[in-house]
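Comments concern the structure below.
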Amino acid sequence: MSTDQPVPATQAGGRGAPGARQLRTILTTVSIALMAVIASVTGLNVAQTHMAVEFAASQSTVLWIINIYTLALAALLLPLGALGDRLGRKPVLVAGLSVFGIATTVAGLAPTAEVMLAARVASGIGAAMIMPITLAVITSTFPEEQRGKAIGVWTGIAGGGGILGMFLSALLVDLADWRWLFVLPAVLVLVALAMTLKSVPNSRETSAHRFDTVGALVSSFAVVGLIFVLQEGPERGWTAPETMISLTVGLIAAIGFVAWELHRRDASLLDVRLFRERGLSGGSVTLLVVFGVQAGIGVVLFPFFQAVLGWSGLLSTVAMMPMALAMMMASGLAPKLAAGIGARSTMVAGIALASVGMALMALFVSVSGGYLSVLPGLLAMGVGMGLSMTPSTEAITASLPREKQGVASALNDVTREFGTALGVALLGALVSAGYRSAIDDRLHGIPQGAADTAREGVANAVEVAGSTGPHTPDVLHAAQQSFVDGWQQAMWAGSVIMGALFIYIAFRGPKNTPSAVADEADSAEAVSAG
C-alpha cells in the first residue's frame with residue numbers, strides 16, 4: 001500500500017529525527033490545536049438562551065447552530081484525514097488552523113443567525129482538517145517507545161477537554177458576554193498556528209493508487225445521515241419523515257461504503273477488512289461505548305445540578321471537573337500500565353471501573369445526598385474512562401499502516417463522534433422515559449395545566465412550580481424525586497452496557513502483549529526529561 005515511509009521535515013533537511021525537546025514542543029502544539037476544536041464542540045451549549053434572544057431565533061435554529069459544527073466535523077474527518085496523508089500533514093494542519101481561526105472570528109462577530117450558521121459550518125470543516133492530523137502527527141513523528149505516552153496526553157485532552165472548555169465558556173458568559181466564547185478557541189488557534197509553522201515537521205505518504213473520491217463522498221453521506229438521526233430524533237420524533245429519510249440515506253450509504261471499499265481493496269479509503277483484527281474492532285467499540293457513556297452522563301448531570309440542586313450553570317460545570325481531571329490523569333498513566341500488564345488488561349480494568357462508577361451513582365444518588373452522593377461514582381468513571389481510552393486509541397492507530405495514519409486518526413475521531421451522539425440519544429431517552437413514568441403517580445391533586453407542564457421535564461416542573469401556590473413544594477418534590485428515578489434507570493442501563501463491553505474486550509479485545517517493556521518506558525522518560 002505504501003511506497004515510502006513518513007519522513008519528518010527535520011530529517012529531510014539533514015538534521016536528523018526530532019530530539020526530546022522538539023517532541024515535547026510538537027506534543028504541546030497538537031494538544032493546543034486539539035483543545036481549540038474540542039472547546040468549540042461544547043462551548044456554545046452554555047449560551048443557548050443568549051443566542052436565542054440576540055438573534056431572535058427559535059430553539060430549533062439555536063440547536064442547529066450548535067449541532068451543525070459537529071455534523072460538518074464528523075462528515076469530513078475520513079476524507080480530510082486521508083488527504084492529509086497524501087498532501088502532507090503539516091500543510092493540511094496549517095490550512096485547517098487558518099480556516100478554523102477565520103471562521104471562529106466570523107462567528108464571534110456574526111450579526112445574524114444565518115451568518116453564524118455559515119461560520120459554524122466553516123469551523124467544522126477546519127476542525128475536520130485539524131483533529132485527525134493532530135493524532136497522525138504524533139503517530140508518524142514519535143518513536144514507538146514514546147508514542148503511547150504522547151497518545152495518552154492526546155486522549156486525555158480529547159476526553160476531558162470538552163468539560164474544561166465548557167467550564168471556561170461558562171465563566172466567560174457569567175463574567176463578560178457570550179461572544180467572548182469565541183476568544184478562547186481563536187487564541188488557541190493562533191498559538192497553535194505559530195507553533196506549527198515553527199516546530200511541527202512535515203510527513204506524507206505516496207501511493208500508487210488514486211484518491212478514493214467515491215468512498216470519501218459515500219462515507220460523508222453515511223456519517224451525516226446517521227448522526228442527523230441521533231441528533232434530531234429526540235427533538236423531531238423517531239418516526240418523523242425527516243428522521244426516517246435520514247436513517248434510510250445513512251444506512252444505504254453505509255452499506256454502499258462497505259461494498260465499495262471491499263471492491264477497492266488496497267486502493268480503498270478505509271480497508272474495512274481490517275476490522276477483523278482485534279485491535280481495530282476492539283478499540284473502536286470501546287471508544288464508541290466510552291464516549292457514548294461520557295456524553296450521556298452530561299445529559300443526566302446538568303439537569304440534576306441545575307434543576308434538582310438549584311445550582312448555576314457555572315457551578316454545575318465546576319462540579320464536572322473532578323471527573324474530567326481524573327480522566328486526564330488516568331489517560332496519562334494508562335501507557336505505563338499497559339507497558340506492564342498489557343493493553344487488553346488495562347482496557348478491561350478501565351471498563352470495569354467505569355461500570356462500577358455508574359453503578360455507584362445509580363445506588364447512591366439522592367436529592368438529600370446532593371453532590372456527595374454522586375462524587376464517588378464520577379471519580380471512578382473518570383479514572384475508568386481514562387484507562388480505557390488511551391490503549392483503545394493506540395490499538396486503532398497501530399492496526400493501520402503508517403501511510404494510513406490520517407485515516408486511522410479520523411476513524412478514531414468518527415467513532416468518538418458517533419458514540420457521543422448515540423450516548424446522548426440513548427441515555428437522554430432513558431432519563432426522560434423514567435422521569436415521565438415516575439412522575440405520573442406523584443401529581444395527584446396538582447392543577448391539570450401545571451401537571452401537564454411538569455410531565456414535560458424536570459426543568460419545566462421547576463419553572464411552573466412557582467405558579468401552583470400551595471402545591472409548589474409538592475410539584476418540586478415530585479419532579480426532583482422522579483428525575484432521580486429516571487437517573488437510576490439510565491445509570492443501570494449504562495452499567496449493563498459497560499458490563500457487556502467488559503466481557504467483549506476480555507475475550508475479543510486487542511492481544512494482551514505489553515505495549516513496551518518497562519525498561520524501554522523508563523528510558524524514554526529519561527530521554528524526555530533530558
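Scanning both residues, L309 and G370, for their nearest heavy atoms gives CD2-CA, 3.8 Å. Across all their heavy atoms, L34 and A158 have their closest contact at CD2-N, 4.0 Å. Across all non-hydrogen atoms, the minimal contact from S246 to V224 is OG-O, 4.4 Å. What you find for A36 and F100 is that their closest heavy atoms are O-CZ, 3.7 Å. Between Y69 and G124, the closest heavy-atom pair is CD1-N, 3.5 Å. Smallest separation of non-hydrogen atoms from S482 and R442: OG-NH1, 3.0 Å.
Within 6.0 Å of CH2 in W180 there are 12 or fewer heavy atoms belonging to other residues, nucleotides or ligands. Enclosure of atom CE in M329 is not indicated, since only 12 or fewer non-hydrogen atoms of other residues, nucleotides or ligands lie within 6.0 angstrom.
We find the OG1-CD1 distance between T139 and I151 to be 6.5 Å, quoted to the nearest 0.5 Å. For the atom pair CG (L117) and OG1 (T61), the distance works out to 7.0 Å, reported to the nearest 0.5 Å. The line from CE of M358 to CE of M491 is 4.0 Å long, rounded to the nearest 0.5 Å. Annotation: the span from I505 atom CD1 to S392 atom OG amounts to 6.5 Å, rounded to 0.5 Å. To the nearest 0.5 angstrom, Q294 atom CD is 8.0 Å from M381 atom CE. For the atom pair CG (L184) and CG (L188), the distance works out to 4.5 Å, reported to the nearest 0.5 Å.
At a threshold of 4.5 Å between non-hydrogen side-chain atoms, the residues L226 and F418 count as touching. For the pair V229 and W238, the minimum side-chain heavy-atom distance is below 4.5 Å. A heavy-atom distance below 4.5 Å is not found between the side chains of S281 and R508. Contact of the W154 side chain with the N412 side chain is registered, since non-hydrogen atoms from C-beta on lie closer than 4.5 Å. Taking 4.5 Å as the limit, some side-chain heavy atom of L270 sits within range of a side-chain heavy atom of F257. Two residues are said to be in side-chain contact when any heavy atoms from C-beta on lie closer than 4.5 Å; V383 and L387 meet this criterion. Two residues are said to be in side-chain contact when any heavy atoms from C-beta on lie closer than 4.5 Å; R416 and L77 fail this criterion. By the 4.5 Å heavy-atom criterion applied to side chains, F483 and V365 are not counted as neighbours.
Not counting sequence neighbours, the partners of W178 by the side chain to side chain donor-acceptor pair (under 3.5 Å) test are E54.
Under a 3.5 Å cut-off, the side chain of T134 and the backbone N or O of M131 do form a donor-acceptor pair. Between the T420 side chain and the G292 main chain, no donor and acceptor come within less than 3.5 Å of each other. R120 places a side-chain N or O within donor-acceptor distance of the main-chain N or O of I65, the cut-off being under 3.5 Å. Side chain of T393 to main chain of M389: a donor-acceptor pair is present (N/O by atom type, distance under 3.5 Å, no hydrogens or angles). A side-chain donor-acceptor contact under 3.5 Å links S123 to the backbone of A119. Remark: the backbone N or O of G108 is paired with a side-chain donor or acceptor of R179 at under 3.5 angstrom. For S220 (side chain) and A75 (main-chain N/O), a donor-acceptor pair under 3.5 Å exists by modelled atom type. Although no hydrogens or angles enter the test, the distance criterion places a donor-acceptor pair under 3.5 Å between the side chain of S284 and the main chain of L280. Panel note: side chain S331, backbone M327; a donor-acceptor pair is recorded below 3.5 Å. Judged by distance alone, the side chain of T397 and the main-chain N or O of E394 form a donor-acceptor pair under 3.5 Å.
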Residues V431, Q489; criterion side chain to side chain contact (heavy atoms under 4.5 Å, CB included); working and verdict: CA-CA 7 Å; V431 172; Q489 181 173 308; over 6 Å; no

The test is side chain to side chain contact (heavy atoms under 4.5 Å, CB included); show your working for V153 and I138 and say whether it passes. CA-CA 10 Å; V153 173; I138 291 174; over 6 Å; no

Audit row: M320, L301, side chain to side chain contact (heavy atoms under 4.5 Å, CB included) steps and yes/no: CA-CA 8 Å; M320 294 279 286; L301 281 176; 3.0 Å; yes

Report the C-alpha distance between V289 and I351 in whole Å, list the side-chain angles of each, state the deciding distance to 0.1 Å, and finish with yes or no for side chain to side chain contact (heavy atoms under 4.5 Å, CB included). CA-CA 10 Å; V289 174; I351 293 165; over 6 Å; no

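Applying the side chain to side chain donor-acceptor pair (under 3.5 Å) rule to pairs touching residues 361-381 yields nothing, sequence neighbours excluded.
Ring pair W487/F304 is tilted by interplanar angle, where 30° to 60° counts as tilted.
In this structure, a donor-acceptor pair under 3.5 Å is absent between the side chains of S388 and T286. In this model, a donor atom of one side chain and an acceptor atom of the other lie less than 3.5 Å apart for D452 and Q448.
With respect to E417, the side-chain contact (heavy atoms from CB on, under 4.5 Å) criterion is satisfied by exactly one of L71, V223, L73: L73.
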